[in-house]
Amino acid sequence: MTQTLIQQLRSERPLIHNITNAVVMNYTANGLLALGASPIMSNAVQEAGDVARLADGLLLNIGTLNEHQVEAMLEAGKAANEAGVPVVLDPVGVAATSYRAEACRKILSTVNVDVIKGNAGELAFLAGEKVETKGVDSGEASNTDEIALKVSELYETMAVCTGKTDVIGYQGEVFNNDTGHQWLSKVTGSGCLLGAVLTAFLAIEGDRVGNVRAGLYHFGKAAEQAASHPHVSGSGTFVPAFIDALGAEEEAGR
């Protein structure tokens, strides 16, 4: 099923509107292009709504926030909702500062998001739990199923909790994904790219839970395939191999 969805995605080439952080724009755009989607990186308030209406999916990533970007996210999110365009929220480092937390609350109270994707610390914070963080990095959590389900219920959306095992919580059900590699955690922006990849999978026809599961599986398998290449010896050589694997003609690790 995953390979069929990838072929469908590459046939449709969905336009993904990314309002994302400055650290990861290039990596995200290259990853989406390799996957087969078409990225547009637009942060301007003046065009946010127009671009969102034209797009097939919208990613809101709060990694490097400022006042104008929050306004653009709200405008884009409202326009996407009106146009029926799926929205993914990546609450990067939401627990780190009160500013990030307030911005995330404003987005969630204004925009209907289809998926909230974050690490255990970020989602635990959104679920109302006390968490320890270091910048945008998450601490470990053993109750990721519970966290994902609580976020899903609180915000009436699908929740994706990333980690060694990724957990999807939706409508009282839990789905797990075990593909991936430890070097993903050593590359800045891998989680942010995953948010964009999931947005691309949501943009194509089909069951949204199934599409998200396929996106997680393919992303993780691409990482495994990249890490297995003989010329890959660490995170630096891993990145280009990973981009190649995202765009492989056959499903990574098939």
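Side chains are part of it too, since the values below use all heavy atoms of this structure and drop only hydrogens, waters and symmetry mates.
- The hydrophobic clustering, which links ILVMFWY residues whose side-chain heavy atoms are closer than 4.5 Å, places Val94 and Leu74 together.
- Annotation for Ala214 and Leu5: closest pair CB-CD1, 3.5 Å, computed over non-hydrogen atoms.
- Side-chain contact check for Ile16 versus Pro39: every heavy-atom pair is 4.5 Å or farther apart.
- Side-chain N or O atoms of Glu75 include none that pairs as donor or acceptor with a backbone N or O of Glu47 at under 3.5 Å.
- Between His218 and Val197 there is no side-chain heavy-atom pair separated by less than 4.5 Å.
- A pairwise comparison of heavy atoms in Leu32 and Ala196 identifies CD2-O, 3.5 Å as the closest pair.
- Side-chain atoms of Ser190 do not come within 3.5 Å of backbone N or O of Ser185 as any donor-acceptor pair.
- Between the side chains of Asp178 and Thr165, at least one donor N or O sits under 3.5 Å from an acceptor N or O.
- The distance from the CG atom of Leu194 to the OG1 atom of Thr28 is 10.5 Å, given to the nearest 0.5 Å.
- Heavy atoms of other residues, nucleotides or ligands lying less than 6.0 angstrom from CD of Glu224 number more than 12.
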Ile107 vs Ile62, side-chain contact (heavy atoms from CB on, under 4.5 Å): CA-CA, chis, key distance, verdict:
CA-CA 10 Å; Ile107 293 167; Ile62 70 167; 4.1 Å; yes
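- Between the Lys186 side chain and the Ser235 main chain, no donor and acceptor come within less than 3.5 Å of each other.
- Atom CZ of Arg213 sits about 13.0 Å away from atom CG of Leu198, to the nearest 0.5 Å.
- Judged by distance alone, the side chain of Tyr155 and the main-chain N or O of Leu126 form a donor-acceptor pair under 3.5 Å.
- Both Ile243 and Val187 belong to a single network of hydrophobic side chains, linked directly or stepwise wherever heavy atoms of I, L, V, M, F, W or Y lie under 4.5 Å apart.
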Would Val167 and Val174 count as a side-chain contact (heavy atoms from CB on, under 4.5 Å) here? Give the steps.
CA-CA 7 Å; Val167 178; Val174 169; 3.7 Å; yes
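- Aromatic ring orientation, Phe242 versus Phe219: perpendicular (interplanar angle above 60°, classes split at 30° and 60°).
- Residues Val92 and Met41 do not share a hydrophobic cluster, clusters being chains of Ile/Leu/Val/Met/Phe/Trp/Tyr side chains in contact below 4.5 Å.
- Without hydrogens or angle criteria, His181 side chain to Trp183 main chain gives a donor-acceptor distance under 3.5 Å.
- Applying side-chain contact (heavy atoms from CB on, under 4.5 Å) to Val113 and the options Val88, Asn81, Leu108 leaves one that passes, Leu108.
- The backbone N or O of Glu146 lies less than 3.5 Å from no partner atom in the side chain of Asn143, so there is not a single donor-acceptor pair.
- Considering every non-hydrogen atom in both Val24 and Gly189, the closest pair reads CG1-CA, 3.3 Å.
- Contact record, Ile19 with Ala76: CD1-CB, 3.7 Å, taken as the closest heavy-atom pair.
- At least one donor-acceptor pair closer than 3.5 Å links the side chain of Thr237 to the backbone N or O of Gly234.
- Follow the hydrophobic side-chain contacts under 4.5 Å out from Leu60 and you reach Val151 in the same cluster.
- Atom CG of Leu123 sits about 5.0 Å away from atom SG of Cys161, to the nearest 0.5 Å.
- One finds the OG1 atom of Thr179 at 7.0 Å from the OH atom of Tyr217 (value rounded to the nearest 0.5 Å).
- Between Leu216 and Phe175 there is no side-chain heavy-atom pair separated by less than 4.5 Å.
- The distance from the OG1 atom of Thr64 to the CG atom of Asn43 is 8.0 Å, given to the nearest 0.5 Å.
- Within the 3.5 Å criterion, the main-chain N or O of Phe201 finds a donor-acceptor partner in the side chain of Asn211.
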Does Cys104 form a side-chain contact (heavy atoms from CB on, under 4.5 Å) with Leu89? I'd like the steps, not just the answer.
CA-CA 9 Å; Cys104 198; Leu89 173 65; 3.9 Å; yes
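- Rounded to the nearest 0.5 angstrom, Leu59 CG and Leu193 CG are separated by 10.0 Å.
- For the pairing with Val212, the side-chain contact (heavy atoms from CB on, under 4.5 Å) check across Thr199, Asp114, Val115 returns one residue only, Val115.
- By the 4.5 Å heavy-atom criterion applied to side chains, Ile116 and Glu122 are not counted as neighbours.
- The main-chain N or O of Ala37 is never found under 3.5 Å from a side-chain atom of Arg10 such that the two would form a donor-acceptor pair.
- A donor-acceptor contact shorter than 3.5 Å is absent between the side chain of Arg53 and the backbone of Val85.
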Run Met25 and Asn18 through side-chain contact (heavy atoms from CB on, under 4.5 Å) and show every step you take.
CA-CA 8 Å; Met25 283 190 183; Asn18 298 269; over 6 Å; no
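- In the hydrophobic clustering of ILVMFWY residues, with side-chain heavy atoms under 4.5 Å counting as a link, Leu33 and Val51 come out apart.
- What you find for Asp56 and Ala203 is that their closest heavy atoms are O-CB, 3.3 Å.
- Residues Ala72 and Ala48 approach most closely at O-CB, 3.4 Å, considering heavy atoms.
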